[in-house]
Amino acid sequence: MELRENYRSDQTVISYEQTGKSTNTNELGMRDMQARVYEKRNEKYLLVKAPPASGKSRAMMFVALDKLAHQGVKKVIVAVPEKSIGRSFKNTSLKKYGFFEDWSVPQYFNLCDTEDEKEKVKRFKEFVAPFTKAQTLVCTHATLRFALKELKDEELNDMFFGIDEFHHTSADANNGLGEVVRRLMNNTNAHVLAMTGSFFRGDGVPVLRPEDEARFTPVQFNYYDQLNGYKYLKTLGLGYHFYRGHYLSALDKVLDTNQKTLIHIPVTGAKAAGAYDKYQQVKEIIDLIGSKVDEDYNTNIITVKTKDGRLLKVADLVNDDADHRNHVQGYLQRMKKASDVDIIIAMGMAKEGFDWEWCEHCLTIGVRGSLTEIVQIIGRCTRDSEGKEHAQFTNLIAAPDETQDEVVVAVNDMLKAITASLLMEQVMAPKWNFKTSVDEEDDPSVDKRRRVVVEGLKPFKTPEGKQICEEDMDELKAKALQDERVKACIDNESPEYIHNVLLPKIVEEKYPLLDPEDREAISQRLSLDFVVRGANPLPSSADGDDEKSEGDRLVKIANTFINLDHLDINLIKTINPFQRAYEIMSNEIDAPVLKVIQDAIADKKINMDIDEAKNIYLTMFQEWRKEHGGHPSLQSPDPSERRMAEAIRILKNYKIRRDMGLDFPDDKKKV
């Protein structure tokens with residue numbers, strides 16, 4: 001995207017090799033990722049982690065049809081987060097590409113096309129009944145939850161459940177989806193295939209409990225491999241653009257009406273929205289595009305004439321009138337060609353699983369606190385489509401009030417986090433290690449910068465208490481954040497009441513059989529984690545967020561929930577001051593550089609610096625090579641050999657970074 005003089009921008013462009021491997025198919029009509037999933041089709045519990053637009057929906061079809069034909073499964077139930085995503089599981093011809101059966105869902109049992117929730121549950125129960133011959137049903141997560149409340153465990157036997165956008169099991173702890181999955185796995189013989197395009201645990205919220213995840217057979221497909229194998233799409237751009245005043249005054253600087261664009265507006269009442277409600281925002285955006293000339297009565301698709309005379313079709317998903325939204329959603333689900341729609345305006349919809357292959361630009365207004373949401377939105381424009389060479393994600397944000405240096409660091413951290421997420425790396429909230437005293441034995445594997453000595457902190461009484469604290473803290477935080485008692489008290493009670501009464505109660509309810517002293521120790525560390533991390537969602541007398549600009553949230557988020565402070569990569573190229581603010585330009589990132597970044601992240605998981613790696617290479621490795629020849633293996637059962645292999649990996653990747661002239665400040669510190 002070309003930069004223009006009156007807005008601030010931080011732009012990353014990622015290039016790919018266009019091998020076509022991602023979209024080429026084998027003799028069964030399967031892409032590379034789908035073939036990997038199909039190889040594991042006999043597993044009872046499958047967990048597929050693959051990027052948006054990689055073909056997860058069809059992968060589920062292949063597995064489901066095989067289970068119906070060859071594995072004793074009698075019926076298939078597919079659950080999606082919202083009705084619009086049900087389009088991904090429409091009737092699909094698979095035989096013509098080499099598979100043994102087509103995917104077909106009876107219209108009566110496509111519950112994403114049905115409005116009345118009671119009618120959906122009625123049809124769901126009818127589908128489950130033994131006398132029903134139909135074998136496939138598609139519904140929303142909500143319908144699945146409501147229907148299963150009225151069904152007995154034995155009625156769910158011999159079924160296959162496909163759960164799309166599986167991170168919803170933890171994104172909202174109150175939705176009960178996680179409990180549904182645990183019920184199916186513990187109380188029935190049902191098969192489960194879970195899929196997610198969010199392959200990291202963003203915001204400290206676990207997708208699955210560790211003991212549950214261990215029961216799944218994972219299939220992981222790298223986002224880099226996916227995009228690098230596209231036939232048409234060459235580059236992906238990531239941009240942070242800053243404005244002064246109201247976003248509507250700057251929107252024309254980033255909105256190119258020649259591109260197929262998905263616009264996500266801020267919710268009414270958000271700082272980015274200002275005094276405009278959602279309907280006013282949509283009207284202003286349409287007026288910015290051009291003049292409204294027509295609205296189809298049957299589809300509610302709006303025709304807008306641009307200033308240069310072009311006619312554009314605009315879909316409004318913000319209007320929540322039932323008839324309007326159903327008409328628009330129905331139209332979007334029936335789209336067959338690029339010219340069917342040009343711009344889609346949405347607020348809470350069209351984020352995850354939304355299939356618009358021709359989308360070139362995702363324009364998101366306002367700061368998003370969830371990295372999961374950002375990656376999902378990016379995925380809306382990264383589908384391969386003929387004629388689409390570039391895909392763009394733009395986040396339009398109010399210029400922060402923080403210092404320029406702070407904003408530069410924050411933007412660089414956000415770019416690191418997004419890039420790492422696209423490489424399928426974990427992006428976690430920083431983990432703090434609280435110690436009771438300086439006399440405790442240090443663990444060399446723990447980052448000393450994240451050790452905090454707290455006077456009066458209760459020590460653990462049992463190994464079980466310590467293990468729970470080390471492994472379950474993110475789950476406890478998620479539970480606390482979603483607890484209705486905590487939510488109800490945020491505006492009405494002091495922070496002390498939440499930290500001293502409610503959090504201990506949550507720990508007690510979670511671990512009723514644990515020693516009371518250990519429960520107290522865990523509760524103390526849970527409170528400290530909230531406070532010390534600086535991303536405390538609980539009330540604080542010194543918060544003052546209401547006095548800050550909406551754009552300052554970018555700095556706050558980047559400084560708290562992104563655990564990439566060890567990955568010292570500079571993605572910022574230039575900073576150009578003009579008018580009252582500045583423009584931040586990032587380095588361009590092509591495929592080879594992406595691979596180097598991925599290797600650098602992997603290096604950070606090895607607890608070794610350059611000097612130690614050099615020493616191992618010059619001493620241990622030289623002796624080892626004389627005796628054994630060849631190179632040591634990272635998979636060796638011998639810890640000394642693994643250590644040598646790690647040293648060689650670090651030295652090799654350092655040399656690549658140095659030869660490519662990449663700015664990795666951390667390397668300079670080590671050499």
Side-chain angles (χ1 to χ4, degrees), residues 48 50 52-65 75-94 102-128 134-148 159-169 171-172 175 177 180 192-197 262 299-300 315 317 320 322-336 340-341 344 346 348-357 359 376 379-380 383:
V48 178
S54 61
K56 295 190 294 294
S57 301
R58 191 165 292 195
M60 185 182 288
M61 296 177 192
F62 288 128
V63 173
L65 290 171
K75 296 184 180 182
V76 168
I77 295 171
V78 175
V80 298
E82 60 181 62
K83 292 186 299 182
S84 62
I85 302 177
R87 180 175 185 262
S88 299
F89 295 94
K90 64 184 179 181
N91 293 347
T92 304
S93 177
L94 302 175
D102 289 331
W103 171 260
S104 177
V105 180
Q107 184 63 36
Y108 185 78
F109 290 118
N110 183 356
L111 304 186
C112 290
D113 285 348
T114 307
E115 289 310 310
D116 184 78
E117 198 61 48
K118 290 183 178 179
E119 177 65 20
K120 294 178 186 178
V121 172
K122 174 178 171 292
R123 294 189 191 182
F124 190 106
K125 293 168 65 178
E126 183 180 338
F127 173 80
V128 170
Q135 291 187 300
T136 52
L137 176 145
V138 177
C139 67
T140 63
H141 290 170
T143 300
L144 177 67
R145 288 187 284 109
F146 293 145
L148 261 58
M159 293 192 180
F160 169 85
F161 289 82
I163 312 294
D164 195 18
E165 306 299 349
F166 192 57
H167 55 273
H168 278 258
T169 56
D172 181 358
N175 70 10
L177 188 58
V180 166
V192 178
L193 189 157
M195 307 190 304
T196 179
L262 173 58
T299 65
N300 286 114
L317 285 173
D320 53 12
D323 288 338
H324 175 98
R325 180 166 287 181
N326 290 336
H327 289 164
V328 174
Q329 286 182 326
Y331 178 85
L332 295 178
Q333 289 182 15
R334 295 189 298 270
M335 285 188 300
K336 296 186 182 300
D340 285 340
V341 72
I344 298 176
M349 302 182 68
K351 293 178 181 178
E352 57 190 9
F354 182 75
D355 185 3
W356 185 23
E357 64 182 271
C359 180
Q376 287 286 346
R380 299 316 103 212
R383 292 182 182 272

Hey, does the side chain of Y108 reach the backbone of R123 with a donor-acceptor pair shorter than 3.5 angstrom?
no
Could you tell me which residues satisfy side chain to side chain contact (heavy atoms under 4.5 Å, CB included) with S57, sequence neighbours excluded, listed by chain and number?
S88, F89
Find the distance between NZ (K83) and CD (Q329) and round it off to the nearest 0.5 Å.
5.0 Å
Can you tell me how far the CE atom of M159 sits from the CG atom of L137, to the nearest 0.5 Å?
9.5 Å
May I ask you to decide if F127's main-chain N or O and K75's side chain share a donor-acceptor pair within less than 3.5 Å?
yes
Under the side-chain contact (heavy atoms from CB on, under 4.5 Å) criterion, do N300 and Y331 qualify, and how do the steps go?
CA-CA 9 Å; N300 286 114; Y331 178 85; over 6 Å; no
Knowing that exactly one of R383, Q333, R380 qualifies, which makes a side-chain hydrogen bond (donor to acceptor under 3.5 Å, both in side chains) with D355?
R383
Minimal heavy-atom distance between I77 and C139, with the atoms involved, is CG2-SG, 4.4 Å
For R325, give me all partners under side-chain hydrogen bond (donor to acceptor under 3.5 Å, both in side chains), at least two apart in sequence or on another chain.
none
Between A315 and V328, the two heavy atoms sitting closest are CB-CG1, 4.0 Å
Not counting sequence neighbours, which residues clear side-chain hydrogen bond (donor to acceptor under 3.5 Å, both in side chains) with D102? List them please.
none
Heavy-atom side-chain proximity of N110 to K90 below 4.5 angstrom
no
What are the two closest non-hydrogen atoms of A79 and L144, and how far apart are they?
CB-CD2, 3.9 Å
Could you check L332 against L317 for side-chain contact (heavy atoms from CB on, under 4.5 Å), going step by step and ending with a plain yes or no?
CA-CA 10 Å; L332 295 178; L317 285 173; 4.0 Å; yes
At what distance, to the nearest 0.5 angstrom, does CH2 of W356 lie from CD1 of I344?
4.0 Å
One should read off an interatomic distance between K122 NZ and E119 CD, to the nearest 0.5 angstrom, of 5.0 Å
d(R145 CZ, T140 OG1) to nearest 0.5 Å is 8.0 Å
When rounded to the nearest 0.5 angstrom, what distance separates CG in L94 from CZ in F62?
5.0 Å
Show the nearest heavy-atom pair for residues H141 and D164, with the distance to one decimal.
NE2-O, 2.9 Å
Flag the pair I163 / V180 as yes when at least one side-chain heavy-atom distance between them is below 4.5 Å, and no otherwise.
no
The single option from T136, L65, V192, V63 that satisfies side chain to side chain contact (heavy atoms under 4.5 Å, CB included) with F160 is V63
Can you name the nearest heavy-atom pair linking V105 to F109, along with the distance?
CG1-O, 4.0 Å
